[in-house]
Number of protein chains: 2
Amino acid sequence: MELSDKFAEAKFLAMPPDSNLPGDEMLRAAPQPMRRQVEEGLRNAIASGRFAPGQHLTDRMLCEVFGASRSVVREAVRLLEAEGLIVLVPNRGQFVAYLSSAEAAHIYEVRGVLEALAAEGFAIRATDAERAELRQIYEHLADVGPETDRMALLAIKRDFYAVLLRGCRNPLVARMLDQMLNRNSQLRATSLSDPARLPHTIRELRWVVEAIEHRDPEGAWEASRLHVRRAAAVALRILRGREEREREDPGGTQLG
Amino acid sequence: MELSDKFAEAKFLAMPPDSNLPGDEMLRAAPQPMRRQVEEGLRNAIASGRFAPGQHLTDRMLCEVFGASRSVVREAVRLLEAEGLIVLVPNRGQFVAYLSSAEAAHIYEVRGVLEALAAEGFAIRATDAERAELRQIYEHLADVGPETDRMALLAIKRDFYAVLLRGCRNPLVARMLDQMLNRNSQLRATSLSDPARLPHTIRELRWVVEAIEHRDPEGAWEASRLHVRRAAAVALRILRGREEREREDPGGTQLG
DNA sequence: CACAGAAAGATTGACAGACAATTATTTCGG
DNA sequence: CCGAAATAATTGTCTGTCAATCTTTCTGTG
């Protein structure tokens, strides 16, 4: 079997999953350099679960998939390694990171304070237009029925965070929290958390939105922190249960 | 003038400034891969100010200085760019990041919550031995006279943070806070803050250490947060003053 | 047949050289 | 002295090479 055949079906991975940002890429006249495309494509493929945890990412394979040279691919891989999405085994290669419950706990801890910081900053520094925008997206989220498909839900949440990160006026918080959320997406991609928690999520986010509208930074901080803590509790319970099961029945749900 | 001559005097940059960790590199039998060496060397050179803000970092020059090939150098540069120590200008090259007061404010904001999180985690999860170690380093810091040279002071502070980051039992917090501290070193390297603040620093850190010894996570959180806030206030005042002066007298203190 | 050890194959880590595209600098004509 | 063309320098990317290391397969022996 030829390499081209072997990876042909995976080629679609090269294009990002959410190309519904009409105005954005129109604006930047200069096309993104190759390494950015590979970087984003790889990030998306991992965060969305199309590259499963544990999967071996060969240089050659990545070159085929993204149509780039090894130098470019390797630069992208190094970046994603720094973000924690990929683990490198010396002289063996790179693998999609598997998220243990311990690591997930660490991530939730950091995400908690960063998200709280973002919400606090938003409450202090966002414009009225941004406040209205956040409220609008929240209403959108609160209106969806329980049968709405997961992808649509995730899209709305992503919009919510995009507005929050923009309005907090701290690009550093935005970038780091974005990393955390990417790692979290990896969790959601392996069918985690959401099912019955949606109403709780909506209620908790309402507290955040309301505190922000009252220009109450402390309230926004606390509400935000609480939201992440609860999400963490649910996710960690599921993750630990899964690990428990896998210890007793190795290979029951194989990942990569 | 030949390239070799041109950069000969800069060659010493390749070796890290703090090679006083005797037991550490003895342990790892496998030598760090080339790219790590370049990465660390570059990080140290920037954080310590030997590569000044605004300086143009040519590929060729970096290859000469670190004795590595372009691929390796470029991978390292990309990583440091993600950490914010380097800025890339498309088709022009990479420059040592200049820290504006606005960016510094962002960094201090993030550093505040991360350091608080680390202190809180330490208060909860550190071993007795680690607590004692932290106390010991603190005493060391409190004992130094005001005439102690800056390098020694920075070394002690670095030890303090090393113990704190290890004891908080969250490698993610450790890594991110480490990044923040690197950026901060860049500030200190341009002769900032410290002079008269040492007694205040010592007092504030004592509150942190005492809260930790009383196994009081909330106290450790608050004390830590307070410390960073005060340090930020001082540093930002100086930075803004400097920017003010430079607006009126451009070139008064040139940096690269 | 089982199994230790050797050979073959695949993959990484690193290097050097090449090339077009872009940007900076210098030269030269007016 | 000013502006435009020519020149040089630098980046972004690709290709090919090579040794070191890990995995797998093969092989000979008890």
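Numbered from 1 within each chain, the chains take letters A, B, ... in sequence-line order.
In this structure, A:R43 pairs ionically with A:E39, as a charged nitrogen and a carboxylate oxygen lie closer than 4.0 Å. Using a 4.0 Å cut-off between charged side-chain N and carboxylate O, A:E81 and B:R36 make a salt bridge.
Below 30°, between 30° and 60°, or above 60°: for A:H56 and A:F95 the angle between ring planes is below 30°, a parallel geometry.
One finds a side-chain N or O of A:R92 lying less than 4.0 angstrom from the OP1 or OP2 phosphate oxygen of D:dT23. An OP1 or OP2 oxygen of D:dT10 is reached within less than 4.0 angstrom by a side-chain nitrogen or oxygen of B:R60. Between B:Q94 and D:dT11, a side-chain N or O to OP1/OP2 separation shorter than 4.0 Å is present.
The separation between A:R74 atom CZ and D:dC14 atom P is 14 Å, rounded to whole Å. For A:D59 and C:dA14, the CG to P distance is 12 Å, given to the nearest whole Å. Rounded to an integer number of Å, the gap from CZ of A:F95 to P of D:dC22 is 12 Å. The distance between atom CG of A:N91 and atom C1' of C:dT12, rounded to the nearest whole Å, is 6 Å. Note: CG (B:L88) to P (C:dT23) measures 15 Å, nearest angstrom. Rounded to an integer number of Å, the gap from B:E81 CD to D:dG12 C1' is 14 Å. In this entry the distance linking CZ of A:F66 with P of D:dT13 reads 15 Å, nearest Å. Remark: P of C:dA10 and NE2 of A:H56 are 14 Å apart, rounded to the nearest angstrom.
In terms of polar N and O atoms assigned as donor or acceptor, the side chain of B:R70 comes within less than 3.5 Å of the base of D:dG12 in a complementary pairing.
At least one side-chain heavy atom of B:D59 sits under 4.5 Å from a side-chain heavy atom of B:Q94.
When the nearest nucleotides of DNA chain D are assigned to A:S69 and A:P90 by heavy-atom distance, the more 5′-ward of the two goes with A:S69.
With D:dT10, D:dT13, C:dT11 as the choices, the nucleotide that has an atom nearest any side-chain atom of A:M34 turns out to be D:dT13.
Note on A:R78: only backbone sugar-phosphate atoms sit closer than 4.0 angstrom, heavy atoms only; bases stay farther off.
For the side-chain contact (heavy atoms from CB on, under 4.5 Å) test, residues two or more places apart in sequence or in another chain that qualify with A:R169 are A:R125, A:T127, A:E130.
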